[in-house]
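Some notes on the structure that comes next.
Numbers for residues simply follow the sequence, beginning at 1. Just so you know, these numbers come straight off a predicted model, no measurement behind them. Side chains are part of it too, since the values below use all heavy atoms of this structure and drop only hydrogens, waters and symmetry mates.
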Amino acid sequence: MATSASSNLSKAVKQHYMDLPQGDKVQAMYIWIDGTGEGLRCKTRTLDSEPKSIEDLPEWNFDGSSTYQSEGSNSDMYLIPAAMFRDPFRKDPNKLVLCEVLKYNRKPAETNLRKTCNKVMEMVENQHPWFGMEQEYTILGTDGHPFGWPSNGFPGPQGPYYCGVGADKAYGRDIVEAHYRACLYAGVQICGTNAEVMPAQWEFQVGPCEGINMGDHLWVARFILHRVCEDFGVVASFDPKPIPGNWNGAGCHTNFSTKEMREDGGLAFIEESIEKLGKRHDYHIRAYDPKGGLDNARRLTGHHETSNIHEFSAGVANRGASIRIPRTVGQDKKGYFEDRRPSANCDPYAVTEALIRTCLLSEEGDEPVDYKN
């Protein structure tokens, strides 16, 4: 099993230094999305006192030419603090700070999708949109081979691994448990976890989160997962189809509701939204992975609990549909629906924004409407 060299360094020696008092100073780790729209970057600065709110955190900058975000001749990018969490690695009073990225001219970077998402969320805040996202991922060795798989072959076929228990069924549970506890400590709205259909594949769920908080909490949960995996010397992959063939892909099923949908008679509003989504399938497919649908094309084949990328479908308790209405929602005539199309490597800001635009702002056509201030 290929693990990183740094994971084999003595953690006991490191702990000696981590136990040293830090005085009144606070370490703030600034986190941002790089130019790929998938990768995360981070760096740390010292603060003189513990920040109590976002307003207490200074802006910062970085070299965008080294993160696929600018050219070397004009490389300064700005980090604008957007959300703050407790740091589960350095512990209190230290912080994790999720940031937006602005270019030299103070305009949002190409992969800063939070800006427009936040604007759209503010337009519909009186409808109290709630989201819950189910993040699937695969644990890989540093050689790209799935964790626990035979080095020159495959494990037994799918069947016993989903929610499985036992050394021959659950591959890498230590990472899942460490990540879960770290998220709870940080204040991430993580609400569950389970082993998935393919061995070494897992899922965690974040939500319910209202508005912009969905994207903030999922991105920080992803960052924490990458850091936990780094400590264990392995890699977390959000590739939507990490292993070709008869193995399940990885998605990020997104559950959505509004205040009206959650109240008595809400099923009518759910069905109305699904009808709108059916008329805008191509727009959503483009928004649901960072490569405009190309990544998802490997996953959404109509097999392995997915719908066909070229067709829109909806059904009660149907895991082969684009949109699933849970059976209890059909019975209670209120609740939420699940969009099963987003890929594991989607940007949650893009996904939640697209749902708001289509379902609540009643946009039509292939392009998003530009709402002027």
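Under the rule for a salt bridge (Lys or Arg N to Asp or Glu O under 4.0 Å), the partners of Arg298 that lie at least two apart in sequence or sit in another chain are Asp239, Asp295. With sequence neighbours excluded, the residues forming a side chain to side chain contact (heavy atoms under 4.5 Å, CB included) with Tyr180 are Leu184, Ile190, Thr193, listed by chain and number. Qualifying salt bridge (Lys or Arg N to Asp or Glu O under 4.0 Å) partners for Lys43, counting only residues two or more places apart in sequence or in other chains: none. Residues satisfying the side-chain hydrogen bond (donor to acceptor under 3.5 Å, both in side chains) criterion with His303, sequence neighbours excluded, are absent altogether. Annotation: side-chain hydrogen bond (donor to acceptor under 3.5 Å, both in side chains) contacts of Glu305 (sequence neighbours excluded): none. Under the salt bridge (Lys or Arg N to Asp or Glu O under 4.0 Å) criterion, Arg41 pairs with Asp34, not counting sequence neighbours. Applying the side-chain hydrogen bond (donor to acceptor under 3.5 Å, both in side chains) rule to Glu210 yields the partners His128, Trp130; only residues at least two apart in sequence or on another chain are considered. Applying the side-chain hydrogen bond (donor to acceptor under 3.5 Å, both in side chains) rule to Asn126 yields no partners; only residues at least two apart in sequence or on another chain are considered. With sequence neighbours left out, Arg357 forms a salt bridge (Lys or Arg N to Asp or Glu O under 4.0 Å) with Glu353, Glu363.
Among pairs with a residue in residues 14-39, those fulfilling ring-ring contact (aromatic ring centres under 6.0 Å, His included) read Tyr30-Trp60, Trp32-Phe62, at least two apart in sequence or across chains. Note on residues 76-99: pairs passing ring-ring contact (aromatic ring centres under 6.0 Å, His included), not counting sequence neighbours, are Phe85-His217.
Hydrophobic cluster of Tyr185: no remaining members, since no ILVMFWY side chain lies below 4.5 Å from it.
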